[in-house]
A.B. asks: 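This is the structure I want to talk about, given as structure tokens.
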Amino acid sequence: MTITRFAPSPTGYLHIGGLRTALYSYLWARKNSGKFLLRIEDTDQKRNSFEAMEAIKQVFDWVGLEYDGDVYYQSKRFDLYKKYIDQLLNEGKAYKCYMSKEELTALREEQMANKQRAKYDGRYRDFEGTPPQGIEPVIRIKAPQNTIIEFEDGIKGKVSFNTDDILDDFIIARSDGTPTYNFVVAIDDALMGLTDVIRGDDHLSNTPKQIIVYQALGFDIPKFYHVPMILNPQGKKLSKRDGAMDAMDYKTLGYFPEALLNFLVRLGWSHGDQEVFSMQEMLELFDPKDINKSASAYNGEKLLWLNSNYMKTLSYERIIDDLKDLELDISAHPKKELLIDSHRERAKTLVELKTQIESIINKPREYDAKAVKKFLKGEWKEILTKFLEILKQNSPENSQDFEEMTVKFMEENDIKLGKLAQPIRIAITGSSVSPSVYDTMAIIGKDELVSRIENLLGTF
RNA sequence: GGCCCGUUCGUCUAGCGGUUAGGACUCCGGCCUCUCACGCCGGCAACAGGGGUUCGAGUCCCCUACGGGUCACCA
């Protein structure tokens, strides 16, 4: 069975890079009817993992990612790690190192000064004598020396390191007894039964360390997939300056979770020429082997385009619900479906949709000066007054009624639509931009239309 | 600096030894049209550079350049 995991360290919010690796892990597990687990890397007690946990849950909930079983907290598993530390100690695969922090720093500085790689010198590796007094030792693992560590990465292909180049007897437990990252990750991944570890490629160089732990403990080594980073539009490292980092911000900005996920899955992964993927299609088609080797730049335009695509196809219920989250409730509006249909092709985000809808359902607070200057000229007043009279004599209900009435009026008076439509549009919205006038007239209804036309006539 | 990874239009990408190097976003034209959009049609635009291997290289190998990651008693 395929078992994957998402293992964030609690930093406060879930950023889009994290969401993407979570998505990849999720898709791969679900596609293979496996399990997708969530583990919180909170061995560093200083951080508040509660808020971070809530943030992650909030995002998962919004986009619809579900993890299996309970959340694993590393902070609750210290006894377990202790057991393995003792085991390695007893087997002679790890040892106590009595070098103080100061000594270690001094050694490192000396090595740096000589332009050498900072590296523990192994002085306690085979220490037999009496340990110095007053020093709480750290535990170091006996790492293999001058050995090639090689593994087949599911994305990068064969990756190999020489142990002498990259590591020393690294610390697996601090002097206060708490275990360190590379040690606990290996243990947890093994104990949780991970078959496929999908993570950011910033972890690529941690992998040999973890492999050493797997080997020392006799665990099976999972398949690794190191996914490249997401860069900002300039091709540099993504930072807060580049806008929305927190996945949850996208909700506030009016994006659909479908669009965000679609955008993220396509960033670094593809399936031929296909651009739009439903969750169902992602589940059918996703395979981590198709993930690109190189980093990809964030492209907000494409996200917008994707979002506008979903805007065109999502159900009324969905859009009405999502608008409620943006504090616009049109669920009781008699023409709510027309309201959505007449705007969905004009709005790229829910925020835009909200603004546009409000510009119809609310009376204009002011009239756009440019529109007034451009369209309220010539005989507009006479035409509009005449139209108002006709309007009062009729009882149009829907767009078609309004259209028929208007067309008839234009024919009888030999007026072109342009002369009439723009003043009406200004009367309704205060601007010269809106959906079809017939739709907007139908949305607000006859009485409101009369009132708005009278307002315009009274203002100029 | 050591080690590791990467490099196809501005961006996301297809390509898996023989292609007029394809698609998408953006941008620019045109059509549609009551405005704005949508839609449709068309256009601009790429194999980092240099050596090999091969009848033939975007595809395989090497070097260079340029990016990125990582080198903690952080994760």
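Naming: A, B, ... by sequence-line order, numbering from 1 per chain.
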A.B. asks: Taking B:C27 as the reference, what is the distance to B:U33 when you measure between their P atoms (whole Å, please)?
C.D. replies: 24 Å
A.B. asks: Taking the same atom, C1', in B:C4 and in B:C12, what whole-Å distance lies between them?
C.D. replies: 26 Å
A.B. asks: Could you tell me how far apart A:Asp188 (CG) and B:A75 (P) are, to the nearest whole angstrom?
C.D. replies: 13 Å
A.B. asks: Quick check on contacts: within residues 137-156 of chain A, what sits under 4.0 Å from RNA chain B by heavy-atom distance?
C.D. replies: A:Val138, A:Lys156
A.B. asks: For a quick check of understanding: with a heavy-atom distance under 4.0 Å over all strands, which category does A:Tyr181 fall into, base, sugar-phosphate or nothing?
C.D. replies: base
A.B. asks: So which nucleotide does B:U19 pair with, by the Watson-Crick or G-U wobble rule with both distances under 3.5 Å?
C.D. replies: none
A.B. asks: Students often get this wrong, so: under 4.0 angstrom with heavy atoms, is A:Lys237 touching a base, only sugar-phosphate, or nothing?
C.D. replies: sugar-phosphate
A.B. asks: Hey, is the side chain of A:Thr43 poking within less than 4.0 Å of OP1 or OP2 on B:A75, counting only N and O atoms?
C.D. replies: yes
A.B. asks: Compare the minimum distances between each of B:C3, B:A75, B:G67 and the side chain of A:Asp165, then state the nucleotide with the smallest one.
C.D. replies: B:C3
A.B. asks: Short question: side chain of A:Asn309, backbone of A:Trp305 - any donor-acceptor pair under 3.5 Å?
C.D. replies: yes
A.B. asks: Between B:C9 and B:A48, how far is it from one P atom to the other, in whole Å?
C.D. replies: 7 Å
A.B. asks: Using a 4.0 Å heavy-atom cut-off to protein, can you give one letter per nucleotide of nucleotides 7-23 of chain B, 5' to 3': B if the base is in contact, S if only the sugar-phosphate is, - if neither?
C.D. replies: S---BBSS-------BB
A.B. asks: Is it the case that atom CD in A:Glu379 sees more than 12 heavy atoms from other parts of the structure closer than 6.0 Å?
C.D. replies: no
A.B. asks: Please walk me through it: do A:Asn292 and A:Ser294 pass side chain to side chain donor-acceptor pair (under 3.5 Å)?
C.D. replies: CA-CA 6 Å; A:Asn292 276 196; A:Ser294 55; 4.9 Å; no
A.B. asks: What verdict does the side chain to side chain donor-acceptor pair (under 3.5 Å) test give for A:Asp169 and A:Tyr124, after you've listed the backbone C-alpha separation in whole Å, the side-chain angles of each residue and the deciding distance to 0.1 Å?
C.D. replies: CA-CA 10 Å; A:Asp169 288 348; A:Tyr124 284 97; over 6 Å; no
A.B. asks: Rounding to the closest angstrom, what is the interatomic distance between B:C47 and B:A72 at atom P?
C.D. replies: 40 Å
A.B. asks: Output the rounded distance in Å from CD1 (A:Ile172) to P (B:A72).
C.D. replies: 17 Å
A.B. asks: Given A:Arg5, which of A:Ile198, A:Asp188, A:Val197 fulfils the side-chain contact (heavy atoms from CB on, under 4.5 Å) condition?
C.D. replies: A:Val197
A.B. asks: Measure CG/A:Asp202 against P/B:G6 and give the value in whole Å, please.
C.D. replies: 16 Å
A.B. asks: Once you round it to whole Å, what is the distance between P of B:C3 and CG of A:Leu167?
C.D. replies: 14 Å
A.B. asks: Rounded to whole Å, please give me the gap between OH in A:Tyr73 and P in B:A75.
C.D. replies: 18 Å
A.B. asks: With rounding to the closest Å, how many angstrom separate the C1' atoms on B:G58 and B:A46?
C.D. replies: 10 Å
A.B. asks: Using atom C1' of each nucleotide, how far apart are B:G23 and B:A14 to the nearest Å?
C.D. replies: 7 Å
A.B. asks: Scan every strand shown for a Watson-Crick or G-U wobble partner of B:U11, both distances under 3.5 Å, and answer none if you come up empty.
C.D. replies: B:A24
A.B. asks: Answer yes or no: are there more than 12 heavy-atom neighbours, outside A:Glu281 itself, under 6.0 Å from its atom CD?
C.D. replies: yes
A.B. asks: Using a cut-off of 4.0 Å on non-hydrogen atoms, how would the nucleic acid contact of A:Lys158 be classed: base, sugar-phosphate, or nothing?
C.D. replies: sugar-phosphate
A.B. asks: Can you tell me how far C1' of B:C73 sits from NZ of A:Lys96, to the nearest Å?
C.D. replies: 16 Å
A.B. asks: Is there a donor in the side chain of A:Tyr298 and an acceptor in the side chain of A:Asp242, or the other way round, less than 3.5 Å apart?
C.D. replies: no
A.B. asks: To the nearest angstrom, how far is A:Asp176 atom CG from B:C73 atom P?
C.D. replies: 13 Å
A.B. asks: How far, in whole Å, is B:C62 from B:U53 if one measures between their C1' atoms?
C.D. replies: 11 Å
A.B. asks: Taking for each residue the nucleotide of RNA chain B bearing the nearest heavy atom, is the 5' side occupied by A:Leu204 or by A:Ala118?
C.D. replies: A:Leu204
A.B. asks: Given the ring of A:Phe224, does A:Arg199 sit roughly above its face, with NZ or CZ under 6.0 Å from the centre of the six-membered ring and within 45° of the axis?
C.D. replies: no
A.B. asks: Scan A:Met99 against the nucleic acid and name what it touches under 4.0 Å (heavy atoms): base, sugar-phosphate only, or nothing.
C.D. replies: base
A.B. asks: Remember a base hit wins even if backbone is also touched, and classify A:Lys236 as base, sugar-phosphate or nothing at under 4.0 Å, heavy atoms.
C.D. replies: sugar-phosphate
A.B. asks: Give a yes or no on whether A:Lys96 atom NZ has more than 12 heavy-atom contacts from other residues, nucleotides or ligands under 6.0 Å away.
C.D. replies: no
A.B. asks: On the six-membered ring of A:Phe170, is A:Lys209 placed so that its NZ or CZ lies under 6.0 angstrom from the centre and within 45° of the ring axis?
C.D. replies: yes
A.B. asks: Expressed as a whole number of Å, how far does the C1' atom of B:U13 sit from that of B:C3?
C.D. replies: 30 Å
A.B. asks: Taking any strand in view, what nucleotide pairs with B:U53 in a Watson-Crick or G-U wobble way, both distances under 3.5 Å?
C.D. replies: none
A.B. asks: Taking atom NZ of A:Lys386 as the centre, report whether more than 12 heavy atoms of other residues, nucleotides or ligands fall under 6.0 Å from it.
C.D. replies: no
A.B. asks: Can you check whether A:Pro233's main-chain N or O pairs, donor with acceptor, with A:Asn299's side chain at less than 3.5 Å?
C.D. replies: no
A.B. asks: Sugar-phosphate atoms are those with a prime plus P, OP1 and OP2; base atoms are the rest. Using that split, label each nucleotide of nucleotides 30-47 of chain B B, S or - for protein heavy atoms under 4.0 Å, 5' to 3'.
C.D. replies: ----BBBBSS--------
A.B. asks: Looking at A:Asp42 and B:A75, is any side-chain donor or acceptor paired with a base atom of the opposite kind under 3.5 Å?
C.D. replies: no
A.B. asks: Please assess A:Asp196 against A:Thr4 for the test side chain to side chain donor-acceptor pair (under 3.5 Å), listing each intermediate value before the final yes or no.
C.D. replies: CA-CA 5 Å; A:Asp196 299 81; A:Thr4 67; over 6 Å; no
A.B. asks: Specify the separation, in whole Å, of atom NE2 of A:His226 and atom C1' of B:G6.
C.D. replies: 15 Å
A.B. asks: So which nucleotide does B:G2 pair with, by the Watson-Crick or G-U wobble rule with both distances under 3.5 Å?
C.D. replies: B:U70
A.B. asks: Does atom NZ of A:Lys312 have more than 12 heavy-atom neighbours from other groups under 6.0 Å away?
C.D. replies: yes
